[in-house]
Amino acid sequence: MTDLVPLFPRQPVPPLKVNLAGGGLFDLRSEKPEHFTLVVFYRGLHCPICKSQLRDLESKLDEFDRRGVAVVAISSDSEQRAKQTRETWELSRLRIGYGLDLAAAQSWGLFISSGRGMTSAGVEEPARFSEPALYLIRPDGTLYFGSVQTMPFARPHFSDILTAIDFVLKNNYPARGEVRDL
C-alpha cells in the first residue's frame, strides 16, 4: 500500500518546508510571488539529466522573475550533497532545497526509486530518492500545473513553461484537470 496521491489543480498543495544549500529555509507558505512559485523536484547529485535541467533553469531565472515566478529546486539529498550540487553544477543563483522527506515527497505525488549503485556521472545513488516533477503553485497555495515523472527522461523544457506562462497570464487561462469525481 502507498500514500501516493495525485495533486489536483485548484486544490491546496501539501506543506513544503526544506533547508537551502548555502543557508536559509524555503517555506512554500511564506512565498509571495506575483503569479506563481515554480517548484522543481530533482533526483539529486547523482543525476546527470538533473544537472542539465537545473543549469538550464539557472540560465532562465531572470525570465521567470520578469513573469512574477519564484523558483526553487528540491531533492531528498543530504546537505553535503546539495552543497556539492550547487558548487559543481555552478548554480550560484538557484535556490537548492535539500532533505526532502520521502513521505513528504509521496504526499506531493512523487514516485520513489531505490538506488542502483554508481551512475554514469560517477556518483553513487542514495538508497532511496524521489523522481522528478515540477509544479506551478499560485500565491494562494493551490496547484495550477503539475508534471510528475517515473523516470529521469523527457522532462518539460523551461522555455516551453515560460511560453505557457505568457499565454496563461495574457488570457487568464484557468487551471485544468480539476475534476475529481465523475
### Hydrophobic cluster membership, Val40 vs Phe26, 4.5 Å side-chain cutoff
no
### Task
Locate the shortest heavy-atom distance separating Val72 from Gly97; write the atom from each residue and the value.
CG2-N, 4.5 Å
### N/O donor-acceptor pair under 3.5 Å between Asn171 side chain and Phe167 backbone
yes
### Query
According to a 4.5 Å side-chain heavy-atom criterion applied to Ile, Leu, Val, Met, Phe, Trp and Tyr, with indirect links allowed, do Ile137 and Ile74 form part of one hydrophobic cluster?
yes
### Task
May I ask you to decide whether Lys60 forms a salt bridge with Asp56, counting only side-chain N to carboxylate O separations under 4.0 Å?
yes
### Message
Quick check against the 3.5 Å criterion: does Arg55 have a side-chain atom that pairs as donor or acceptor with the backbone of Leu91?
### Response
no
### Query
Can any side-chain N or O of Glu58 pair as donor or acceptor with the backbone N or O of Arg93 at less than 3.5 Å?
yes
### Message
Quick one: does any side-chain atom of Thr85 pair with a main-chain N or O of Arg81 as donor and acceptor, under 3.5 Å?
### Response
yes
#### Entry: Under the side-chain hydrogen bond (donor to acceptor under 3.5 Å, both in side chains) test, residues paired with Glu124 that sit two or more places apart
none
### Query
Going through the checks in order, is the salt bridge (charged side-chain N to carboxylate O under 4.0 Å, His left out) test met by Glu63 and Arg67?
CA-CA 7 Å; Glu63 292 297 315; Arg67 289 163 174 85; 2.9 Å; yes
### Sidechain-backbone polar pair: Glu178 side chain, Pro9 backbone, donor-acceptor under 3.5 Å
no
### Summary
Closest heavy-atom pair, Val18 versus Tyr98, reported as atoms and distance to 0.1 Å, is CB-O, 3.5 Å
### Query
When rounded to the nearest 0.5 angstrom, what distance separates CD1 in Ile165 from CG in Leu136?
5.0 Å
### Task
Output yes when Arg66 and Asp166 qualify as a salt bridge under the 4.0 Å nitrogen-oxygen rule, no when they do not.
no
#### Entry: side-chain hydrogen bond (donor to acceptor under 3.5 Å, both in side chains) partners for Ser113, two or more places apart
Glu131
### Query
Between the side chain of Arg128 and the main-chain N/O of Gly115, is any donor-acceptor distance below 3.5 Å?
no
Scan the side chains in residues 157-164 for donor-acceptor partners under 3.5 Å anywhere in the protein, sequence neighbours excluded, and list what turns up.
| residue | atom | partner | partner atom | Å |
| --- | --- | --- | --- | --- |
| Thr163 | OG1 | Ser159 | O | 3.1 |

### Summary
Closest heavy-atom pair, Pro126 versus His46, reported as atoms and distance to 0.1 Å, is CD-ND1, 3.4 Å
### Message
If you compare all heavy atoms of Ser147 against all heavy atoms of Pro156, which two are closest, and at what distance to 0.1 Å?
### Response
OG-CG, 3.5 Å
#### Entry: Phe8 vs Leu143 side-chain heavy atoms within contact, under 4.5 Å
no
### Task
Flag the pair Phe129 / Asp77 as yes when at least one side-chain heavy-atom distance between them is below 4.5 Å, and no otherwise.
no
#### Entry: Verdict with reasoning, Tyr135 to Phe145, per ring pair (Phe, Tyr, Trp, His ring centres under 6.0 Å)
CA-CA 6 Å; Tyr135 293 103; Phe145 165 84; 8.3 Å; no
### Task
Please name the pair of heavy atoms, one in Leu28 and one in Val13, separated by the smallest distance, quoted to 0.1 Å.
CD2-CG2, 3.6 Å
### Query
Is it true that Arg95 and Glu31 make a salt bridge, defined as a side-chain N closer than 4.0 Å to a carboxylate O?
yes
